[in-house]
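Since the structure comes first, as structure tokens, the remarks are kept for the end.
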Amino acid sequence: MKLAPSCCMIAFALVWLGARAVAAPPDSAAVQAEHSDIGLGKETASSHTSHPDAQWYPEAGLGLFIHWGICSVKAMNISWPMIPGRALAKQRIIDPAERERIIRESDYNLNGRPPEITPNEYWEMAKDFNPQNYDPDKWMAAAKEAGFEYAVLTTRHHEGFALWPSAYGDFSTTNYMGGRDLLKPYVEACRKHGLKVGLYYSPPNWHFERDYKDFMYGGGHSKNPEFPPLGPDLKPRATKPSAEELARFQAADEAMVRGQVQELLTRYGKIDLLWFDGRAPTPNGRNCITIEEIRQLQPGIVINPRMHGHGDFITYERNLTTDRVASGWAEFCNTWTSGWSHQNIPFRADGFVLGQFVKCRSLGINYLLGVGPMASGEFCDGIYHNMAVVAGWMKRNATSVKGPKPLPASESASVPATASASTRYLFAVPKFRTSGAFDKDLLPPEDETLTLKGVAEPASVKLLGDGSVLKFAYADQTVTIQLPAAKRTPWVDVVQVDLKQAAR
């Protein structure tokens with residue numbers, strides 16, 4: 001495939017110079033900058049597939065997002081540790097002598113030491129990645145018990161390592177682990193336990209791009225354009241590729257994305273969801289393989305918009321930046337700890353996680369909750385413990401989140417709420433310290449007054465968890481409910497309101 005040099009040089013400039021800087025609160029700043037670095041732009045989902053095999057998606061509610069890769073060897077975050085310079089995205093370095101010091105000492109994170117790992121060192125972990133206790137059957141059994149309806153596994157993250165024996169490139173289980181296929185057991189386990197099969201795939205492939213990519217965090221260069229582009233050893237690049245070299249690389253990159261996606265969609269039977277994350281840094285990066293071509297291979301598949309710019313649903317990440325009921329299909333992904341992959345860090349409180357889940361359901365949005373297996377292929381005990389807590393909550397409260405819809409437009413509540421026929425479910429979410437999400441941040445329960453407006457008079461109001469009756473008053477189509485602190489739990493408490501007649 002012949003690519004015009006002018007287009008190549010434009011695309012190269014985006015890779016070489018990095019993405020624009022973002023100065024915002026920590027989570028949202030990181031999301032925006034990372035998305036820019038992998039070529040994500042505005043997403044649209046003005047319509048979704050009408051194929052009958054895909055209509056499970058808006059009712060799924062809860063999905064399990066599994067980030068796994070060679071990063072698990074050192075229990076570090078996936079892919080991003082090899083990209084330094086986040087501090088430079090926030091600070092302008094004016095003094096030439098200070099710039100020279102930073103380059104000389106590789107102090108791109110402005111913490112007085114070199115980055116924790118270079119890209120070359122990161123990729124060396126592939127030699128030690130060989131999960132001997134890989135047991136996705138156990139993963140999915142626990143997930144199903146906890147109420148998860150679908151799962152999404154990172155088949156290839158930005159790091160570039162493919163978890164199946166791909167015929168493309170030189171960085172997959174074809175070249176390591178004797179060609180072992182880690183995807184097949186996962187797909188089989190999902191099907192066995194009744195979860196829809198989702199595959200994550202990152203078109204950006206930093207290993208394949210290693211001779212061309214600038215490994216400085218994008219915002220760092222936008223804030224400090226005087227710094228040189230960095231190679232995979234995090235040393236300044238001494239040369240630039242010619243237009244012809246770049247064109248050859250880009251053509252090969254697009255062919256790899258196309259070929260690997262075809263492998264994923266033809267080797268494992270029916271795939272329910274394809275979750276892209278970015279686009280290849282090439283002129284045709286959005287259409288290495290088109291949505292139409294994907295549907296020819298998997299007619300009933302659900303596709304996110306993160307490669308093509310449009311898809312069957314829109315995605316929110318780490319921050320649910322809406323309070324409006326979704327007009328189409330939508331999903332919010334976040335982590336159970338503060339990182340996507342397995343790390344030795346604490347889990348967020350289950351009350352916090354369940355609070356995010358019920359808010360999503362009150363808006364008609366799916367919640368994709370992230371965990372990471374260890375290098376051994378096992379989930380850590382913390383994942384199973386927290387899944388058991390969620391499973392217990394689901395046994396008592398599933399009727400409030402599985403099946404019900406957001407409130408009718410004529411109704412409103414003081415807390416997240418759902419509706420099913422003449423029943424309303426109000427979610428009393430535990431409170432945490434400002435910006436807190438962990439057990440240590442949980443505030444003591446207080447008496448709470450809940451309101452539900454625009455409804456008929458209730459026949460009964462009770463706490464779904466234990467069936468206890470709650471005091472309420474009704475006037476002017478408004479229900480006022482008293483929820484005593486003594487009835488609260490550390491999780492989400494669900495109040496069931498049965499109306500005497502369905503809402504008009």
Main-chain N/O of I303 paired to D312 side chain as donor or acceptor, under 3.5 Å:
yes

Salt bridge or not between E292 and R295? Use side-chain N to carboxylate O under 4.0 Å.
no

Check the angle between the aromatic planes of W336 and F148 and answer parallel, tilted or perpendicular using the 30° and 60° thresholds.
tilted

Does the cation-pi check pass for K213 over F208, that is, NZ or CZ under 6.0 Å from the six-membered ring centre and within 45° of its axis?
no

Charged N-O contact under 4.0 Å between R86 and E34
yes

Quick check, are the ring centers of W139 and Y134 under 6.0 angstrom apart?
yes

Once the angle between the rings of W80 and Y217 is folded into 0 to 90°, is it parallel (under 30°), tilted (30 to 60°) or perpendicular (over 60°)?
perpendicular

According to the salt bridge (charged side-chain N to carboxylate O under 4.0 Å, His left out) rule, which pairs have a member within residues 124-137, sequence neighbours left out?
E124-K127, D137-K192

Before accepting this row, confirm whether a basic side-chain N of the pair D323/K359 lies closer than 4.0 Å to the acidic partner's carboxylate O.
yes

Relative to the ring of F171, is the ring of H207 parallel (under 30°), tilted (30 to 60°) or perpendicular (over 60°)?
parallel

Does the plane of the ring in F65 sit parallel, tilted or perpendicular to the ring in Y200? Use 30° and 60° as the thresholds.
tilted

Quick one: ring-ring contact (aromatic ring centres under 6.0 Å, His included) partners of Y201, sequence neighbours excluded?
none

